[in-house]
Structure formats: structure tokens, C-alpha cells
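To keep things clear, I will list the structure first and then write my remarks on it.
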There are 2 protein chains.
Amino acid sequence: MRSRPSATEALHTSGYRLTMQRQLVWDTLRQSKKHLSAEDILAQIRRQYPRFNLATVYRCLEVLEELGLVKETRIRDRAYYELAEEGTDHYHLVCDQCGSTLHIEGDHMVPVLHHITDEHDFVVSNADLVVHGRCARCQAKAARTR
Amino acid sequence: MRSRPSATEALHTSGYRLTMQRQLVWDTLRQSKKHLSAEDILAQIRRQYPRFNLATVYRCLEVLEELGLVKETRIRDRAYYELAEEGTDHYHLVCDQCGSTLHIEGDHMVPVLHHITDEHDFVVSNADLVVHGRCARCQAKAARTR
DNA sequence: GTAACTGCAAATTCTTTGCACATAT
DNA sequence: ATATGTGCAAAGAATTTGCAGTTAC
């Protein structure tokens with residue numbers, strides 16, 4: 001089993017410089033339980049460093065994504081970022097009625113990704129699954145009204 | 001087996017008006033083999049109707065989506081639209097190297113969607129899967145260089 | 001020392017909205 | 001007849017870029 005290199009290490013071996021900004025963005029994502037938008041990340045960091053800049057957030061994320069440390073998911077027009085965990089799926093159920101997002105973990109996507117690799121000769125780096133529909137709570141609400 | 005209502009019918013029974021604009025957007029999507037961006041649709045229609053407006057395209061798409069006739073996929077910052085085919089998966093493999101997009105059809109997502117319905121009490125209306133990675137052609141190219 | 005990086009402001013790109021006019025029902 | 005829909009122009013929102021100054025190596 002191969003262990004994941006730290007961000008510090010990964011930056012270094014790829015010839016990127018280790019800046020405070022990159023570390024802050026990385027740490028913010030690590031400390032978060034859920035995915036964050038670029039603005040979310042900025043807001044967090046600005047508590048400590050009010051001069052921190054949004055363009056810098058985007059540029060740091062770009063590097064971290066390129067290194068495979070961070071993945072991006074687009075939900076309704078906006079990009080969200082989270083750590084790229086290896087091995088497990090991580091996808092999102094978006095309720096179109098109340099707007100809530102459920103985070104799902106599991107291994108159900110594994111066969112799909114295998115199919116893609118085997119049948120289409122495509123090397124998968126990241127699968128972004130966003131499922132739209134209606135959450136349990138909104139169904140219950142609709143049932144009551146009926 | 002339930003047959004799909006035509007767009008005309010669906011608009012009518014939902015109380016929407018049947019306008020030429022909506023028909024043109026619908027027909028453009030039906031005639032296309034691949035997904036189209038709003039700009040693509042506009043360009044197509046403008047060949048015949050040069051005054052056709054982009055805002056109208058978006059507004060027509062919004063209605064068609066609401067009726068479940070059209071689905072939207074976001075790939076790299078941009079929305080693409082295509083007919084919402086029932087029954088089969090339709091997802092996209094995006095090569096991050098050359099930028100090409102492969103359209104995949106199949107039933108591999110079925111177990112995943114079942115899992116979502118069963119375990120999370122979530123009624124799925126649309127699953128949007130975008131897989132990033134490297135296509136066969138770019139792998140071959142990389143192998144040659146090595 | 002110097003190439004890479006950041007902050008700032010301005011630009012870009014996609015999408016949405018306000019409003020006066022047009023049209024489907 | 002009138003509520004709905006469209007075209008146009010302008011606004012919005014998220015992300016990117018140019019550039020001068022800063023910093024990691």
C-alpha cells in the first residue's frame with residue numbers, strides 16, 4: 001500500500017515552491033469537514049491574514065489539483081474543493097427542492113470506473129458525480145401536503 | 001412501457017405556451033448528435049433567424065429542463081445541453097490533456113443509482129457524471145515520447 | 001540573484017435580469 | 001384581452017490575467 005505524500009513533499013518534488021499561501025489553502029481544506037468554495041477558503045484564511053487574496057486562492061487550488069491533492073466538484077454553477085481521498089468514492093446528492101447537499105462515501109462507483117478503464121482505454125484521474133433529485137425530507141414534506 | 005410525450009405536448013399540458021423559439025431550441029437539440037452549449041444552439045438557430053437571442057436560448061432551456069426533456073451537464077465552467085434520454089446512462093469522459101470529450105452510454109450506473117435510492121431515500125431525477133483523466137490517444141502519445 | 005509567486009485591479013466569460021414590445025391562447 | 005414570452009442592453013457572479021513588487025530557493 002502506497003502512502004500519500006504530504007502536500008509539502010509533493011510541492012517540493014514537483015519543483016513548486018513551498019509558500020505560506022499554499023500551505024494555508026491546503027490546511028484550510030484539511031481542517032474542513034465539507035467541501036469549500038474559493039470564497040469559503042478565502043474567508044477562513046482572512047480571519048488570520050486579512051490581506052489574503054482571492055486570486056491567490058484560485059492559483060493555489062490550481063496547483064494542488066494538478067498534484068492530485070485536491071479535487072474540484074461543480075454544483076450549480078459554483079466550484080467546490082476538497083481533499084482528493086484515494087480509494088473511496090465521494091459524490092454529492094443535491095436536492096433540487098431545498099438545495100441541501102448530501103455527501104456520500106462508498107465504493108459503488110468502482111465497477112463503473114473499471115468499465116471506463118477497460119472498455120474505453122481511459123485513465124481516470126477523478127470522477128465527479130453530482131446526482132440531482134429530491135431528498136428524504138422534501139419527499140416527506142410533499143407527502144404530507146398531498 | 002410509457003412513451004415519451006413530445007415537447008409540444010409537454011409544454012402544452014404544463015401550461016407553457018408553444019412558441020417558435022422553444023421549438024427551435026428543442027429541434028436543434030434533437031438534431032444534434034452531441035451536447036451543445038447555449039452559444040452553439042444560438043449559432044445554429046441564427047443561420048435561419050439572425051435576430052435570435054442568447055437570453056432566449058437560456059430561457060427556453062430552463063423550461064425544457066424543468067419539463068425533464070433536456071438535461072444539463074457542466075464541463076469545465078460551461079454548461080452543455082442534450083436530450084434527456086430515459087433509461088440509459090449518458091456520461092462524459094473529459095481528457096484533461098487534449099480537452100476532448102467522449103460520450104458514454106450504458107447501464108453501468110444503475111447499481112449506483114439504486115444504492116442512492118435505497119440507502120439514502122433520495123429520488124434521483126438526473127445523474128451528472130463527469131470523469132476526468134487521460135484518453136487513449138494521449139496515453140499513446142505519452143508512451144511514444146518516453 | 002533570479003525565477004516563481006503574490007496582491008491588486010482590471011478584464012473575461014458565462015449567465016441572468018429589467019423592461020418595453022410582441023404574441024399565443 | 002391579457003398573461004406570457006421575447007429581444008435588447010445592461011447587470012451579475014465566478015474566475016482569470018497583467019503587472020509591479022515580493023519571496024523561496
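Everything quoted here is computed from the prediction, not taken from an experiment. Letters go in sequence order (proteins before strands), and every chain restarts at 1.
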Rounded to 10°, the angle between the first-five-pair and last-five-pair axes of the helix from C/dG1-D/dC25 to C/dT25-D/dA1 is 40°
Can you tell me how far [atom2] of [Y] sits from [atom1] of [X], rounded to the nearest 0.5 angstrom?
X	Y	atom1	atom2	answer
A/K71	A/L61	NZ	CG	14.5 Å
A/L69	A/L11	CG	CG	7.0 Å
A/Y81	A/T73	OH	OG1	10.0 Å

List in chain and number order the residues that pass salt bridge (Lys or Arg N to Asp or Glu O under 4.0 Å) with B/E72, two or more places apart in sequence or in another chain; answer none if no residue qualifies. B/R74
Would you mind building the protein contact string for nucleotides 5-13 of chain C? One character per nucleotide, 5' to 3', B for base within reach (heavy atoms under 4.0 Å), S for sugar-phosphate only, - for untouched. SSBB-----
Restricting to pairs with a member in residues 12-40 of chain B, which pass salt bridge (Lys or Arg N to Asp or Glu O under 4.0 Å), not counting sequence neighbours? B/D27-B/R30
Would you please name every residue forming a side-chain hydrogen bond (donor to acceptor under 3.5 Å, both in side chains) with B/Q97, sequence neighbours left out? B/R134
So, using side-chain contact (heavy atoms from CB on, under 4.5 Å) as the criterion, who are the partners of B/E105 when residues are at least two apart? B/T88, B/H90
Quick one: ring-ring contact (aromatic ring centres under 6.0 Å, His included) partners of B/H12, sequence neighbours excluded? none
A/Y80: what forms a ring-ring contact (aromatic ring centres under 6.0 Å, His included) with it, not counting sequence neighbours? A/H35
At under 4.0 Å between heavy atoms, what does B/L54 touch on the DNA or RNA strands: base, sugar-phosphate, or nothing? base
Looking for any heavy atom pair under 4.0 Å, which part of the strands does B/R74 touch: base, sugar-phosphate only, or nothing? sugar-phosphate
Residue mapping more 5' on DNA chain C - nearest nucleotide basis, B/H12 or B/D77: B/D77
Just by modelled atom types, is the A/A10 backbone N or O under 3.5 Å from a matching donor or acceptor in the A/T13 side chain? yes
Which parts of residues 32-44 of chain B get close to DNA chain D, meaning a heavy atom less than 4.0 angstrom away? none
Under 3.5 Å donor-acceptor pairs involving side-chain atoms of residues 49-60 of chain B, not counting sequence neighbours:
| unit_1 | atom_1 | unit_2 | atom_2 | d |
| --- | --- | --- | --- | --- |
| B/N53 | OD1 | B/A55 | N | 2.8 |

Along DNA chain D, 5' to 3', what are the outermost nucleotides having an atom less than 4.0 Å from a heavy atom of chain A? D/dA14 to D/dC25
Which heavy-atom pair separates B/G68 from B/A84 by the least distance, and what is that distance? O-CB, 3.4 Å
Got a list of side-chain donor-acceptor pairs under 3.5 Å for residues 112-128 of chain B, not counting sequence neighbours?
| unit_1 | atom_1 | unit_2 | atom_2 | d |
| --- | --- | --- | --- | --- |
| B/H115 | ND1 | A/H108 | NE2 | 3.1 |
| B/T117 | OG1 | B/L113 | O | 2.9 |
| B/S125 | OG | A/H132 | O | 3.3 |

